[in-house]
Amino acid sequence: MDLHEHWFIRDVEIPSRLVLAPMAGVSVQAFRRQGRRYGAGLVCSEMVSVAGIQHRNERTLGYLRVASDEHPLAIQIFGSDPAAMAEAARMVEASGADIVDMNFGCPVKKVTKTGAGASLLDDPEHACRIVEAVAAATPLPVSVKMRRGVENGSRACLDVGPRLVAAGAASLTLHPRSAKQMYTGTADHSLTAELVSLVDVPVIASGDVTSRAKAQAVLATTGASAVMVGRGAQGNPWALREIVDGVGGEPTREEVVAELVLFIRETVRELGERRASGFLKKFYGWYLGRGRFPRPFKQELVVLDSTEDVERRLIAAAPGALPLIEELEAELPSGDEVQLDLPISIYGGG
Ligand SMILES: Cc1cc2nc3c(=O)[nH]c(=O)nc-3n(C[C@H](O)[C@H](O)[C@H](O)COP(=O)(O)O)c2cc1C
């Protein structure tokens with residue numbers, strides 16, 4: 001399949017067959033914008049708590065910030081109360097997102113013990129009530145991301161998936177591992193193929209797609225409309241370009257530094273220096289896996305106090321990155337192009 005072929009989730013046009021995965025602690029705006037630049041047709045926020053939205057928690061509401069160069073964009077919500085999910089969906093719509101995605105896949109205890117995330121796969125009737133309430137609350141297409149089921153070997157997704165579509169889901173994403181598996185073993189995409197044959201809405205295949213060859217194989221053997229890439233894109237937007245365009249090859253040290261510096265600056269603008277400096281540490285290791293940086297260099301960055309120090313150190317290691325950074329900054333939308341439909345006072349951090 002041509003990964004550049006466009007497709008639709010209801011009336012939302014998606015310009016490529018590659019979707020950037022929602023990842024808690026990773027999918028900040030800088031990650032999503034970068035994903036779009038490197039070929040992702042659809043990007044997604046990390047999971048946003050409906051309880052946080054209900055309580056107007058500043059940090060939670062910050063996740064609803066959408067920039068003009070992110071579209072099409074899904075914002076993912078998680079919760080277990082249909083009315084609260086419906087209210088959250090209306091906030092997602094007000095924030096300017098194109099799709100409301102629901103998380104029925106999170107395996108983490110803190111989430112499942114509240115009746116949210118993957119535990120909904122054990123309670124299909126309740127899961128359907130949530131989808132019905134959310135679909136009724138917003139004119140946007142609503143979608144669901146799920147795992148194969150809770151227990152190892154479960155095939156619950158094949159029972160629940162069609163019911164969620166009947167309840168109003170305009171697309172489904174399947175990560176065919178069980179919740180128990182967390183991230184161990186492999187994603188069994190034969191289940192994705194079965195799900196595709198059971199529903200008449202687009203299915204997105206998530207799990208273990210890290211290369212163009214794997215993406216092509218998953219698309220061909222499952223009939224899915226698109227592949228989703230998560231861990232493969234952490235600190236590695238070049239993997240997205242390889243998957244969509246077939247343009248491989250390692251980025252230069254200058255390219256790595258330029259993307260990382262832009263990522264740092266944007267994340268500081270979004271989260272503020274204090275939150276960003278801790279948040280960014282994991283990204284240094286991810287990015288510097290390319291560009292032939294010596295191991296001590298990564299360790300050095302992690303212990304620096306401020307992101308300005310990190311930036312200075314990076315540019316010293318690759319001064320040729322400076323013009324690239326200027327080019328990247330020039331492509332960003334100016335402040336007034338950034339959609340801020342919610343009152344400015346609710347945003348935490350820069
Ligand atoms: C750090 C991390 C955070 C994640 N957070 C979310 C999330 O917020 N919502 C969600 O639906 N899936 C989440 N996932 C699952 C991914 O979206 C994806 O389905 C999974 O990682 C398998 O794809 P991959 O092999 O391409 O990484 C997360 C995964 C990781 C590694």
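Each ligand, and each atom within it, is numbered from 1 in the order the structure gives. Nothing fancy with the numbering, it's 1 onward along the sequence. Because only heavy atoms are used, hydrogens play no part in the values below, and waters and symmetry mates are left out as well, while side chains stay in.
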salt_bridge(E194, R155) N-O dist < 4.0 Å: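 Counted as a salt bridge, because a side-chain N and a carboxylate O are separated by less than 4.0 Å.
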Salt-bridge criterion met for R32 and E270 (N-O under 4.0 Å):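 Salt bridge: no.
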Pairs flagged by ring-ring contact (aromatic ring centres under 6.0 Å, His included) wherever residues 171-200 is involved - sequence neighbours left out: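 Checked against ring-ring contact (aromatic ring centres under 6.0 Å, His included) - neighbours excluded - no pair reaches residues 171-200.
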Shell of residues surrounding ligand 1, defined by a 4.0 angstrom heavy-atom cut-off that is strict: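 Within 4.0 Å of ligand 1, the protein residues are A21, P22, M23, A24, M47, Q76, N103, K145, H175, Y183, S206, G207, D208, V229, G230, R231.
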Taking the six-membered ring for Trp, are Y287 and F263 parallel (under 30°), tilted (30 to 60°) or perpendicular (over 60°)?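 The rings of Y287 and F263 sit tilted, inter-plane angle from 30° to 60°.
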Donor-acceptor contacts under 3.5 Å from residues 131-147 side chains, at least two apart:
from: T138; atom 1: OG1; to: E93; atom 2: OE1; distance (Å): 3.0
from: T138; atom 1: OG1; to: L140; atom 2: N; distance (Å): 3.0
from: S143; atom 1: OG; to: D101; atom 2: OD1; distance (Å): 2.7
from: R147; atom 1: NE; to: G105; atom 2: O; distance (Å): 3.3
from: R147; atom 1: NH1; to: S178; atom 2: O; distance (Å): 3.0
from: R147; atom 1: NH1; to: M182; atom 2: O; distance (Å): 2.5
from: R147; atom 1: NH2; to: M182; atom 2: O; distance (Å): 3.2

With a 3.5 Å cut-off and sequence neighbours excluded, list the donor-acceptor pairs that the side chains of residues 242-249 form with protein atoms.
from: E242; atom 1: OE1; to: R212; atom 2: N; distance (Å): 3.0
from: D245; atom 1: OD1; to: H4; atom 2: NE2; distance (Å): 2.5

